[in-house]
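In what follows, chains are A, B, ... by sequence order, proteins preceding strands, each numbered from 1. The model shown is predicted, which means the values in this text are computed figures rather than measured ones. Computed from heavy atoms alone, side chains included, the values below leave out hydrogens, waters and symmetry copies.
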Number of protein chains: 2
Amino acid sequence: MDVRTICLGILTRGDATGYEIKKSFEEDGYQHFVEASFGSIYPALNRLTEEGLVSVREEAQEKRPDRKVYSITKAGRQALVAALMKPLPEDKHRSPFVFAMLFSHLLPPGRVTALIDAYIAYGEAKLAQSAQPKTKPQTAGERFVTGLGRAIYLTMLDYLRTHRAEIEGPAAEAAE
Amino acid sequence: MDVRTICLGILTRGDATGYEIKKSFEEDGYQHFVEASFGSIYPALNRLTEEGLVSVREEAQEKRPDRKVYSITKAGRQALVAALMKPLPEDKHRSPFVFAMLFSHLLPPGRVTALIDAYIAYGEAKLAQSAQPKTKPQTAGERFVTGLGRAIYLTMLDYLRTHRAEIEGPAAEAAE
DNA sequence: CCCAATATACATCGGGGCTATATATAAGCC
DNA sequence: GGCTTATATATAGCCCCGATGTATATTGGG
């Protein structure tokens, strides 16, 4: 799923600036599974404009850069649906944490414990965030995705807590 | 986690060619969460060789390209541990399937059903593969990671099956 | 028995995307 | 008063992935 398609999708929810598109990845519904950086969003929006899939209106602001507010066009909506009708690329998951766990036997026990603690804290923060959404999910799709994300985080946290002793050294266990 | 570090990690399990490193991502233990393409592995191995983190021996073969068998050096092991002691980059998950589900209301009901069916089949295949590993997990880390992967896939499959009706149209339900 | 598919093996190019950086200002906090 | 955070756009450089190219051997189906 390239960044251009992702931008089109977000713009179906309403007009937005590049900055707001980026922010929406951190919000509820789009929380997990999707993200993109400024370095790809701004070029993507330029190309979408050239291709007529989005339109821009510049709103001048006092002593700030102009806001460039993008709207999806009819052609843009068609392009989005067309992209979703084609065979989807496979998921991609890269987890440096999990990679590190594969080599826990090469690390000092304290490091392994610290990594697991940090990862659990991160998961709990994500869960808390999705439990109290800033904007409630509007569509059935958003509710479905939010629920899936929560289910996966709950499973992951439970697994980490019940199995961490297997990779933490005996020293770590004694220290608890 | 850049590809160079990933290559170092895999080489701690034993010497390997670039081809074998790539294969190991599809295997048990390294199944999910980690992968890299030839287009990054071969350049990475060249650079690691220049930096003295791995060594190469070329094994000539009859009527085939020479095997370039890489071994990790002491400096390489130190570099791996050093990388794992630094703050880890955050996980990255990109799921075109989940993205598509966010826009299920824009798609024909049949398409949504087909996507969910395909995704369930994919998850089941992954689960079956990890249930019958080619090479049994050697370290506690590998067992831990394999178990985590299985737990997440099980949760995901259960969620899809119990919640799919929420985003499949009434027409799709009637057709079943 | 032949052909297609799969596996072994290395390598590169083009394009796409991320990180870091640059620029500018306002608001809130310590 | 200065630091951090938030708003807002933009680009250069590097990293990485996908596709493709080059060879050959084996295996399974028709």
Side-chain angles (χ1 to χ4, degrees), chain A residues 1-8 10 15-27 34-51 54 56-70 83 86-96 99 134, chain B residues 1-8 10 15-27 34-51 54 56-70 83 86-96 99 134:
Chain A
M1 217 79 292
D2 56 64
V3 175
R4 293 212 309 289
T5 308
I6 292 172
C7 289
L8 286 177
I10 290 174
D15 298 352
T17 66
Y19 185 83
E20 288 165 344
I21 288 174
K22 170 87 169 105
K23 260 200 319 180
S24 75
F25 295 126
E26 288 140 35
E27 277 167 26
V34 192
E35 58 183 309
S37 66
F38 288 130
S40 48
I41 289 172
Y42 286 118
L45 289 170
N46 286 333
R47 238 185 94 179
L48 286 170
T49 306
E50 284 170 33
E51 293 167 0
V54 303
V56 207
R57 59 170 189 280
E58 283 188 48
E59 294 182 357
Q61 298 191 122
E62 287 170 24
K63 301 195 178 183
R64 275 204 190 174
D66 292 356
R67 276 164 59 87
K68 289 191 182 177
V69 183
Y70 294 89
K86 286 197 298 183
L88 300 183
E90 276 193 17
D91 288 11
K92 261 171 218 164
H93 305 289
R94 295 192 59 170
S95 173
F99 177 78
K134 288 177 192 173
Chain B
M1 215 82 290
D2 56 64
V3 176
R4 294 213 308 287
T5 307
I6 292 172
C7 287
L8 286 177
I10 290 175
D15 298 352
T17 65
Y19 185 82
E20 287 166 345
I21 290 172
K22 169 84 169 113
K23 259 201 320 180
S24 75
F25 295 126
E26 288 140 33
E27 276 166 27
V34 193
E35 58 183 308
S37 68
F38 287 128
S40 48
I41 290 172
Y42 286 120
L45 289 170
N46 286 334
R47 238 185 95 177
L48 287 169
T49 306
E50 283 170 35
E51 292 167 1
V54 303
V56 206
R57 57 173 191 281
E58 283 190 44
E59 294 183 356
Q61 297 192 124
E62 289 170 22
K63 302 196 177 182
R64 274 203 192 174
D66 293 357
R67 275 165 62 86
K68 289 191 182 174
V69 182
Y70 294 88
K86 285 195 299 183
L88 299 183
E90 275 194 18
D91 288 12
K92 261 168 214 166
H93 304 291
R94 296 192 56 172
S95 172
F99 176 77
K134 288 177 191 173

Measure the distance from [atom1] on [X] to [atom2] on [N] and round it to the nearest whole Å.
X: A:Glu59; N: D:dT9; atom1: CD; atom2: P; value: 10 Å
X: B:Phe38; N: D:dG21; atom1: CZ; atom2: P; value: 17 Å
X: A:Glu20; N: D:dA6; atom1: CD; atom2: C1'; value: 13 Å
X: B:Tyr42; N: D:dC15; atom1: OH; atom2: C1'; value: 19 Å
X: A:Glu26; N: D:dA6; atom1: CD; atom2: C1'; value: 12 Å
X: B:Glu58; N: C:dT8; atom1: CD; atom2: C1'; value: 16 Å
X: B:Ile6; N: D:dC16; atom1: CD1; atom2: C1'; value: 11 Å
X: B:Ile21; N: D:dC16; atom1: CD1; atom2: P; value: 14 Å

Assess the side chains of B:Thr49 and B:Asn46: does a donor N or O sit below 3.5 Å from an acceptor N or O?
no

Interatomic distance, [X] atom [atom1] to [Y] atom [atom2] [nearest 0.5 angstrom]:
X: B:His93; Y: A:Arg94; atom1: NE2; atom2: CZ; result: 12.0 Å
X: B:Tyr42; Y: B:Leu45; atom1: OH; atom2: CG; result: 8.5 Å
X: A:Ile41; Y: A:Thr17; atom1: CD1; atom2: OG1; result: 9.5 Å
X: A:Met1; Y: B:Ser95; atom1: CE; atom2: OG; result: 10.0 Å
X: A:Ile6; Y: A:Phe25; atom1: CD1; atom2: CZ; result: 5.5 Å

Would you say [X] places a side-chain N or O within less than 4.0 Å of OP1 or OP2 belonging to [N]?
X: B:Thr17; N: C:dT8; answer: no
X: A:Tyr19; N: D:dT9; answer: no
X: B:Lys68; N: C:dA11; answer: yes

When all nucleic acid strands are considered with a 4.0 Å heavy-atom cut-off, which category describes A:Lys22: base, sugar-phosphate, or nothing?
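No contact.
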
Could you go step by step and tell me if B:Tyr70 and B:Leu48 meet the side chain to side chain contact (heavy atoms under 4.5 Å, CB included) rule?
CA-CA 10 Å; B:Tyr70 294 88; B:Leu48 287 169; over 6 Å; no

Going 5' to 3' through nucleotides 13-18 of chain C and flagging B where a protein heavy-atom sits under 4.0 Å of the base, S where only the sugar-phosphate is that close, and - otherwise, we get ---SSB

